[in-house]
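Not measured: the values here are computed from a predicted model. Note on naming: letters A, B, ... go to the chains in the order of the sequence lines (proteins, then strands), and numbering restarts at 1 for each one. No hydrogens, no waters, no symmetry mates; every other heavy atom, side chains included, goes into these values.
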Number of protein chains: 2
Amino acid sequence: MTTTKKLTDLQIASQAEMKLITEIAESAQIPLDAIEQYGRYKAKIDTTKISGSALGKVVLVTATSPTPAGEGKSTITVGLSDALKQLDQKVIVALREPSLGPVMGVKGGATGGGYSQVVPMEEINLHFTGDLHAITSANNALAALIDNHIHQGNELQIDPRRIIWKRVLDINDRSLRNIVVGLGGPMQGVPREDGFDITVASEIMAIFCLATSLENLKERLANIVIGYTYMKEPVFVRDLKVEGALTLLLKDAFKPNLVQTIEGTPALIHGGPFANIAHGCNSIIATQTARNLADIVVTEAGFGADLGAEKFMNIKARQGGFAPDAVVVVTTIRALKMHGGVTKTNLSEENVEALINGIPNLEKHIQTIREFGIEPVVALNRFVTDSEAELITILNWAHANNVRISRTNVWEEGGKGGLELAQQVLEILEEPQNFAPLYKTTDSIEEKINAVVQRVYGGEGVQFTDQAKKQMAQIEQFDWDDLPICMAKTQYSLSDNPKQLGRPQGFTIIVREVIPKLGAGFLVCLTGDIMTMPGLPKEPAALRMDVTEDGQALGLF
Amino acid sequence: MTTTKKLTDLQIASQAEMKLITEIAESAQIPLDAIEQYGRYKAKIDTTKISGSALGKVVLVTATSPTPAGEGKSTITVGLSDALKQLDQKVIVALREPSLGPVMGVKGGATGGGYSQVVPMEEINLHFTGDLHAITSANNALAALIDNHIHQGNELQIDPRRIIWKRVLDINDRSLRNIVVGLGGPMQGVPREDGFDITVASEIMAIFCLATSLENLKERLANIVIGYTYMKEPVFVRDLKVEGALTLLLKDAFKPNLVQTIEGTPALIHGGPFANIAHGCNSIIATQTARNLADIVVTEAGFGADLGAEKFMNIKARQGGFAPDAVVVVTTIRALKMHGGVTKTNLSEENVEALINGIPNLEKHIQTIREFGIEPVVALNRFVTDSEAELITILNWAHANNVRISRTNVWEEGGKGGLELAQQVLEILEEPQNFAPLYKTTDSIEEKINAVVQRVYGGEGVQFTDQAKKQMAQIEQFDWDDLPICMAKTQYSLSDNPKQLGRPQGFTIIVREVIPKLGAGFLVCLTGDIMTMPGLPKEPAALRMDVTEDGQALGLF
């Protein structure tokens, strides 16, 4: 027998020989007094003890529209970093923190795969250093303080029917989407309609990821609009005088987390908003800290370029005051075949026609990056089922269309499998780019949404529900419209209909609600049926999880 | 000017010169490879790397019924430990973890006071090492998995009207006591009545504190009853097959936390159930670890001896297989004066008569400890307002009634202020005790409750609501009655009426509900109006909290 059983991601991660986190810190030139260890292999960084002038270049990794075939964006992000390190670059990878919702639901893990993972995989996927819990606590403390204010006399005259602040949990729990609270009589609070979002959709998560300092964090928290009075005037967190308490609950979480890749590249993992229902990027404080320390920062934004990358460019880069210096678009032949009409069960069969039919999805995402003034490189994440004919098809297409493309094999080989990609990225970093956001914040809300719908999604235009129209009028009335927009849209399609794969044409986007997030500094636009609290599938990943008697995790993938 | 402004607990704690947690570990003979650092001053302990045979003696600190005057039980527990250390004893203090509910609500902090505190005070009071968050996550993951099971076809035929598993948050939030979930149509789950408890009342918190190993933790989680089928048969966590996932979420939290007192005594702080709505003791795994390492373990149980101490004796000691070797009953002249009828605003005036009227509360708690076969010592926690006449009154009373008593001044002096108490404790530890729980688990439920009501509360007997009677019949039908009981009762009175201070007589206790907690291994009896989710006061402590620009906490007390 010469075949070996393929190891799972958790097995590979468990077998990795990690360096002590103090060694990783030293290799990244982080002074030891800036390091607060969480066990041997995790640490928080006191950023006030890091000097530097944030000159590191930023490589953004994005992808085609996700399919059940898997694209491997985190895997490529990690593998590319390791490859750059092999090429003697001073590099740090900056990622988002996993949410327990998908971990317990479908995914089982969100830390890359194979030999391109961040470790300790198990701890990062479970509670890590508690940042998401701190955000959940702050969010729900605010909710309790609001309801308590009303119960105790309602001095601010908050209208219980017009509270827009929702509670959150870091779990997929559809039963909490629409609830009624405060039942049971006068001693049990004021009855009203309410609902829970998942923590990663919370405005506090967005604030946490966009704040540039502790002071700025507090200022942003104070600016949150929690609802309206009976006179329809906005009520801010600063009116409740609890921004200090919320900042206190967040102050330790706000320090970026240091871990390592399997190959020992320093990794900052901090903040974790989803890209479909939130802005989808790791924290600015982590990205800037990485730029203080390294010459190249490799970072990813969630889901396809229509979601995470669009928001990286229009929200994060704008608020952080930097520009992406290179963009990688990850795809796989399998994923493109699914966009071309193949079902998951038939993916192993060669199907050049389906591939050709699916390439327009990739084409649109490339075009999107070009809209922002950047020339991307495609990372083709290799799978064993890819046929030679399929491979030639996509390479020929790229050549014919002047698209840079690079085959990668980082799942199996780690950084070595990404050397060609790394070389191409280094070339791009030497070239001038002409980055610009897609719209000015002073454009009208409708103009801003149209810019994204037409130039990123490839749609015709946008329709608004009556509720959205009312909300937009109110936002304009309060002069809150000079802000970027944060689209909440299904990740599966460029349109707002998750069933339309590939590159849909001629569609319009329906904006259901427009919600002001003044702390985060953007306006959330809910489109289609997108839910800010996911549900669990019929067979949740939790059913496969276990712990051995000696404390080893099982069933994380 | 010779007067100095009195420092707050937070100021004293912030000025304390802490030793590195590795030094504390070394002083406690904890091998360094058993230590997982959380910053410089906190660590988790891998108990599998600690040898020893749990021979350390156990000193339990309890108190008179709490009043707004404050008794200082945690302060005495810490001060006594420091005093024992000053007397060259090998001592560890074992405490509960604070809940964010009271921290944000009334208390502002729960780590002792003055020069008898555990540190880092601020971090212990906020998120600490995330244990309560892990428990919240596990609890709510289970809730989501139950509702998802029903939504996805309900193979187990769970009756949505008969689910007894509630969601939890570590916050005081009265609006979540009674809610309706699953609204919004067929895609949003199954509508049903539900409610949130505070995390410290969760059965998972009780299991966490009573489990003797990781394996035992999983076994107990599997045994949780989450509700009943349409055929009224019980549904267990093991039927849902998610005990592995829940154990995975708890496995790191299950390692006890090591910190230090201001005087450098090692402190294990782990688990934190409230004593009014839960069993009120820190974890068995921490207590046993401390007994493996030290000759004396000083530990506290929540609220008065009618609550925490009763449950320490009847539940924790029984399940842990050890006995308390000495018991300290903490009281203050101020508190006894309140039990004697003085209002909080008049406490500074001398009032010997009120003191005499209040002493029966102390008398009952002493009698309670004697009921368990142990002769206690009273720790009189000194306040500046105590008059000489008041002091003589209580000392004379103690002398006349053969009660050991010791004046302490640990808030101001640290361990030095508790040396006399420590000497008395050491004497008691040399004496034989005749500890026995108050009832056999094989007694009927009614007999067990009566034993506690009559011999601990000093009441006449117990009345059951119709609901409680039905629940008891069901518990007997399923043969679940061979378990200790966990009374949920107001902490303010020996009776179930919080307004009856002092030593009420001739009362009966009304048991509203009897809820089986088979994972924890006890039956919860809800009495009077006790709530398993507290509310916030009119002026929550959160309003006073803040963070300075350089990250210093303000407003924790």
Side-chain angles (χ1 to χ4, degrees), chain A residues 36-40 48 100 104 123 126-127 130 133-134 137 140-141 143-145 147-148 151-152 169-184 188-190 214-215 218 241-242 244-245 247-249 251-252 535-536 538 540 542-543 545-547 549-551 553-555, chain B residues 36-40 48 100 104 123 126-127 130 133-134 137 140-141 143-145 147-148 151-152 169-184 188-190 214-215 218 241-242 244-245 247-249 251-252 535-536 538 540 542-543 545-547 549-551 553-555:
Chain A
E36 296 168 14
Q37 282 185 247
Y38 277 62
R40 285 169 185 70
T48 63
L100 275 174
M104 304 303 282
E123 296 171 32
L126 294 172
H127 308 287
H133 294 317
S137 289
N140 295 338
L145 287 159
D147 276 315
N148 187 58
H151 177 78
Q152 303 280 4
L169 283 179
D170 185 30
I171 182 85
N172 291 4
D173 193 346
R174 75 170 63 70
S175 284
L176 293 179
R177 283 175 189 155
N178 299 290
I179 68 176
V180 175
V181 301
L183 299 173
Q188 326 292 341
V190 175
L214 199 59
E215 214 187 327
K218 185 156 82 181
K241 300 186 177 63
V242 296
T247 310
L248 185 59
L249 285 169
K251 80 181 180 67
D252 290 320
L536 288 169
K538 195 166 168 68
L543 303 190
M545 294 179 184
D546 205 353
V547 185
E549 275 179 41
D550 61 342
L554 300 173
Chain B
E36 295 169 13
Q37 283 187 246
Y38 277 63
R40 285 167 184 72
T48 63
L100 275 175
M104 304 304 283
E123 295 171 33
L126 294 172
H127 309 286
H133 293 317
S137 289
N140 295 339
L145 288 159
D147 276 315
N148 187 58
H151 178 78
Q152 302 280 5
L169 283 180
D170 186 29
I171 183 82
N172 291 3
D173 195 345
R174 73 170 65 70
S175 285
L176 293 178
R177 284 175 188 154
N178 299 290
I179 68 175
V180 174
V181 301
L183 299 173
Q188 327 291 340
V190 176
L214 198 61
E215 213 187 328
K218 186 156 82 182
K241 301 186 177 64
V242 295
T247 310
L248 185 59
L249 285 169
K251 80 181 180 66
D252 290 320
L536 287 169
K538 195 167 167 65
L543 302 191
M545 294 177 184
D546 206 351
V547 186
E549 274 178 42
D550 60 341
L554 300 172

Heavy-atom pairs under 4.5 Å with chain A, option from L183(B), D252(B), V242(B) with the top count: L183(B)
Chain B interface, residue from V190(A), D546(A), L214(A), N140(A) that has the most non-hydrogen pairs under 4.5 Å: D546(A)
Option in T48(A), L249(A), T247(A), D147(A) with maximal non-hydrogen atom pairs under 4.5 Å from chain B: L249(A)
Side chains of L100(A) and S137(B) in contact at under 4.5 Å (non-hydrogen atoms): yes
Greatest number of heavy atom pairs closer than 4.5 Å to chain B - which of A141(A), A144(A), A143(A), P540(A): A144(A)
Atom group of L126(A) that falls short of 4.5 Å from chain B, counting heavy atoms: side chain
Options R40(B), Q152(B), R177(B), ranked by heavy-atom pairs under 4.5 Å with chain A, top entry: Q152(B)
Chain A contact via L169(B) - side chain, backbone, both or neither, heavy atoms under 4.5 Å: side chain
Heavy-atom pair of closest approach, residues M545(A) and G555(A): CG-O, 3.8 Å
When R174(A), K218(A), E123(A), Q37(A) are compared by non-hydrogen pairs under 4.5 Å with chain B, the top option: R174(A)
Region of K538(A) that comes under 4.5 Å of a non-hydrogen atom in chain B: both
Top of L176(B), I179(B), N178(B) for chain A proximity - count of heavy-atom pairs under 4.5 angstrom: N178(B)
Heavy-atom contact with chain A under 4.5 Å, split by part of N148(B): both
Pick from L554(A), L543(A), L536(A), V181(A) with the largest number of heavy-atom pairs that fall under 4.5 Å of chain B: L536(A)
L145(A) portion near chain B, given a 4.5 angstrom heavy-atom threshold: both
Partner chain A: residue of G130(B), G182(B), G535(B), G189(B) with the largest heavy-atom pair count (under 4.5 Å): G182(B)
Step-by-step ring-ring contact (aromatic ring centres under 6.0 Å, His included) determination, H127(A) to H133(B): CA-CA 9 Å; H127(A) 308 287; H133(B) 293 317; 9.0 Å; no
Toward chain B, the part of I171(A) with a non-hydrogen atom under 4.5 Å: side chain
Heavy-atom pairs under 4.5 Å with chain A, option from A542(B), G184(B), A553(B), S175(B) with the top count: S175(B)
